[in-house]
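Everything below concerns the one structure shown next.
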Amino acid sequence: MFYIDSENDHIYITKGDSAVMDITMMKNDVEYVMQPGDKLYFSMKRNNDFNFTIWSSEVDSPEIDFEVATTGTWAFGDYDYSITMIYANGDRDTFITGTLTVLGVSY
């Protein structure tokens with residue numbers, strides 16, 4: 001299962017599942033289209049450890065892939081995440097922060 005609660009940007013994913021998160025970015029009330037050289041950076045960490053990134057992904061398209069091999073290694077529980085736009089000129093804009101919950105599964 002993969003679900004995003006849009007009211008509070010809370011992401012839920014079941015341990016060991018795969019998903020693709022499509023991201024729509026707005027700039028001055030207009031949808032922003034990524035330019036050559038732009039990068040999106042997604043990172044997550046345990047919500048009580050401010051210095052240790054559990055997983056990160058840097059992409060040049062507006063989607064983040066969560067793969068089975070990655071999510072299967074995550075412990076159950078809550079994590080903090082952020083998504084940052086790194087523009088081609090080096091400027092940075094962290095535009096989403098929230099909680100990501102890894103859910104348990106029973107077989």
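Note: hydrogens, waters and symmetry copies are ignored here, and every other heavy atom, side chains too, is used. For this chain, numbers begin at 1 and follow the sequence in order.
Under a 3.5 Å cut-off, the side chain of Asn28 and the backbone N or O of Val30 do not form any donor-acceptor pair. Checked by atom type and distance alone, the side chain of Ser43 never pairs as donor or acceptor with a backbone atom of Ser56 at under 3.5 Å. Panel note: side chain Lys45, backbone Ile54; no donor-acceptor pair is recorded below 3.5 Å.
A distance of 8.0 Å separates OG1 in Thr97 from CG in Asp80, rounded to the nearest 0.5 Å. Interatomic distance, Arg46 CZ to Asp78 CG, rounded to the nearest 0.5 Å: 7.5 Å. Here the straight-line distance linking atom CG of Leu100 with atom OH of Tyr12 works out to 10.0 Å at 0.5 Å rounding. Summarising the geometry, atom CG belonging to Asp17 is positioned 8.5 Å from atom CE belonging to Met1; distances are rounded to the nearest 0.5 Å.
Considering every non-hydrogen atom in both Thr71 and Thr14, the closest pair reads OG1-O, 4.4 Å.
Remark: Tyr87 pairs with Tyr32 by the ring-ring contact (aromatic ring centres under 6.0 Å, His included) rule, at least two apart or across chains. When the ring-ring contact (aromatic ring centres under 6.0 Å, His included) test is applied to Tyr81, the partners found at least two apart in sequence or on another chain are Phe42. In this structure, the side chain to side chain contact (heavy atoms under 4.5 Å, CB included) partners of Glu7, at least two apart in sequence or on a different chain, are Asp5. For Ser57, there are no side-chain hydrogen bond (donor to acceptor under 3.5 Å, both in side chains) partners, not counting sequence neighbours. Looking at residues two or more places apart in sequence or on another chain, you find a side chain to side chain contact (heavy atoms under 4.5 Å, CB included) between Val33 and Gln35. With sequence neighbours excluded, no residue satisfies ring-ring contact (aromatic ring centres under 6.0 Å, His included) with Tyr41.
In this structure, the side chains of Asp65 and Glu63 come closer than 4.5 Å at one or more pairs of heavy atoms. Using a 4.5 Å cut-off on side-chain heavy atoms (C-beta onward), Asp38 and Met25 make no contact. Side-chain contact check for Met26 versus Phe95: every heavy-atom pair is 4.5 Å or farther apart. Taking 4.5 Å as the limit, some side-chain heavy atom of Leu40 sits within range of a side-chain heavy atom of Met85. In this structure, Ile64 and Val59 have side chains that are in contact, with non-hydrogen atoms separated by less than 4.5 Å. Residues Ile86 and Thr84 meet the side-chain proximity criterion, which asks for heavy atoms closer than 4.5 Å.
Note on Val68: it does not cluster hydrophobically with Val105, by side-chain heavy-atom contacts below 4.5 Å among ILVMFWY residues. With hydrophobic clusters built from ILVMFWY side chains whose heavy atoms lie under 4.5 angstrom apart, Tyr3 does not share a cluster with Val102. Taking hydrophobic clusters as Ile, Leu, Val, Met, Phe, Trp and Tyr residues chained together by side-chain heavy-atom distances below 4.5 Å, Ile13 shares a cluster with Met21.
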* In sequence, state the C-alpha distance, the side-chain angles, and the governing distance for Tyr79 and Trp74, and then conclude on side chain to side chain contact (heavy atoms under 4.5 Å, CB included). => CA-CA 10 Å; Tyr79 298 82; Trp74 295 343; 4.2 Å; yes

* Asked: Yes or no on side chain to side chain contact (heavy atoms under 4.5 Å, CB included) for Leu103 and Lys15, after CA distance, side-chain angles and deciding distance?
  -> CA-CA 6 Å; Leu103 303 169; Lys15 178 182 175 81; over 6 Å; no

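Environment of CD in Glu67: sparse, with no more than 12 heavy atoms of neighbouring residues, nucleotides or ligands closer than 6.0 Å.
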